[in-house]
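One structure is given here, and the rest of the page talks about it.
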Amino acid sequence: MTQNTLIQRSLARVWHPCTQMHDHASGELPLIAIVRAEGAWLEDAGGKRYLDAVSSWWTNLWGHRHPDIVAALKNQLDTLDHVIFAGFTHEPAVQLAEQLCARSGLDRCFFTDNGSSAVEAALKMSFHYWQNVGKPAKRKFVALTNSYHGETLGALAVGGPSMYRDTYAPLLLEPMFAPSPDCYERGPGESWEDHTRRAFSHLQLLLEQHAHEISAIIIEPLVQCAGGMRMYHPIYLTLLRQACDHFGVHLIADEIAVGFGRTGSFFACEQAPPASYGKGLPGGITPDFMCLSKGITGGTLPLAVVLAREHIYQAFYADYAAHKAFLHSHSYTGNPLACRVALASLELFGEGNALAANRLMAQHLWKQTHSLRSHPHVAEVRQTGMILAVEMVQRTGSKTPYPASERRGLIAYRHALSKGVVLRPLGNVLYLMPPYVLTLKEAEMLCEVLCEAVDVATRGAP
Ligand code: PMP
């Protein structure tokens, strides 16, 4: 089968995600037929190799087809493939629930099968909790502008960017939006922390006025990924946890993209500084709900979970006749193959060795991209752990963005592909979010192509 035949068959029958299919048919955006993958590399039907700088939509942690993950999957296939998870349980799901609870400090694990469905379940659980405890007025959600939580209607409703949301607005719940702490928007001379605290004061006000009708606030801890890899100071998490406790509002941490070591700690929530600095107190916050997916299986199989606190679980626990149960399900909930693979992925973190190696690799990526920090069309290079993002602009002083119609990111994408790197942009933002197993040589290649791609994309008129 040639590359072209497969692409033609795909164009004839497949509707690809998050894509204007005309781009593919017209040749504006190449559709690539992948036949195999190994480590950080993908290989197309013509034998060309691509370094997977975006970890296959932020899922892949250990490279493709890591031998431990492949072995765990094959073993599990020999005993149990799938079973209905209502009325039945199994070892891989129980072990995974135990380990995720231990790592997160949360108490109960509810399985779903993709990120959006985990967000849906968390929103429904929060709303239902308040019904069950006799506070039905608490039914509103608060989200941050520029946040992203998925594409199903509930998850889409609590997301900010108009590109994904506007068309469906008549169908959506109407949350209250608080301004994002996104530090790209900080004033001249303002520190990340000051800007973040200032953004938080708006949320504080909103809670003061509306807590009686608010069920939960949902956030992406530290990095608003789909919103352009916009980052903020971890003090926001500390202040938010305090405020949620004070006002009696649930905190939903959507760690779907940032969990599993991506930001430098196992969960991003762990980076919240203690409420009073410098007193030797342990940092980190525990949300009321945590949503996880993407990296949970190391990028091998679809799986997601919502972790919740015990008192939330207890509000649903009653005699059947009380009608308090959470009657929510998905057919592939708790799939044993996916759970087994997730356990194999957790084991690869070792005793923190992978996180330590990540921190070194993050420093390396930062150093290798130093030339971009003085580039005439780069307003900011920002980094949180293994996420490094470059904001391309027309003019750096005024941070004037390139018009979306110029599709500068796409120019960079095409250039990177020609050099054998997958650098899928978010508008004018290019980013690296690679698997954790990059070699130094691969990291150098990635950074070199990123720098070149910025040059090519920002050169004159498109
Ligand atoms: N939340 C966040 C923070 C995400 O980044 C994503 C996916 N990009 C989702 C939720 C939705 O996950 P899924 O695509 O698996 O539905």
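As a basis for the values below, the full set of heavy atoms in this structure was taken, side chains included, without hydrogen atoms, waters or symmetry mates. Note that ligands are numbered from 1 as they come in the structure, with each ligand's atoms numbered from 1 the same way.
For atom 16 (O) of ligand 1, the closest non-hydrogen atom on the protein side is S116 OG, 2.6 Å. Of the protein's heavy atoms, G115 CA, 3.3 Å lies nearest to atom 12 (O) of ligand 1. In terms of protein heavy-atom proximity, atom 6 (C) of ligand 1 is nearest to Y148 CE2, 3.6 Å.
Polar contact check, C225 against ligand 1: no nitrogen or oxygen pair lies under 3.5 Å apart. For ligand 1, the polar-atom distance check finds no N/O of S293 at less than 3.5 Å from any of the ligand's N/O atoms. Taking any N or O of W58, backbone or side chain, none lies under 3.5 Å from an N or O belonging to ligand 1.
One side chain, H210 or E213, offers a donor N or O that lies under 3.5 Å from an acceptor on the other. Side-chain atoms of H82 and N335 include a donor-acceptor pair closer than 3.5 Å. Between S147 and Q224, the side chains place no donor N or O within less than 3.5 Å of an acceptor N or O (distance only, hydrogens not considered).
Separation of the H66 and H64 ring centroids does not fall under the 6.0 Å cut-off.
Numbered from 1 in the order shown, with element, the atoms of ligand 1 that lie under 4.0 Å from a heavy atom of D254 read 1 (N), 2 (C), 3 (C), 10 (C). Heavy-atom contacts of N114 reach the following atoms of ligand 1: 15 (O), 16 (O) (cutoff under 4.0 Å). Distances below 4.0 Å separate heavy atoms of A257 from the following atoms of ligand 1: 5 (O).
Identified under the salt bridge (charged side-chain N to carboxylate O under 4.0 Å, His left out) test for residues 217-237, with sequence neighbours left out: D182-R230, E185-R230, R230-E391.
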Just do the ring pair (Phe, Tyr, Trp, His ring centres under 6.0 Å) check on H90 and F85 with the steps written out, would you?
CA-CA 9 Å; H90 50 77; F85 203 54; 5.3 Å; yes

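Side-chain N or O atoms of R241 include none that pairs as donor or acceptor with a backbone N or O of I285 at under 3.5 Å.
Within the cation-pi definition used here (under 6.0 Å to the ring centroid, within 45° of the axis), K294 does not qualify as a partner of F260.
Shown here, atom 14 (O) of ligand 1 is out of close reach of the protein: none of its heavy atoms lies under 4.0 Å off.
Residue contacts with ligand 1: K294 is included, with a non-hydrogen atom under 4.0 Å away.
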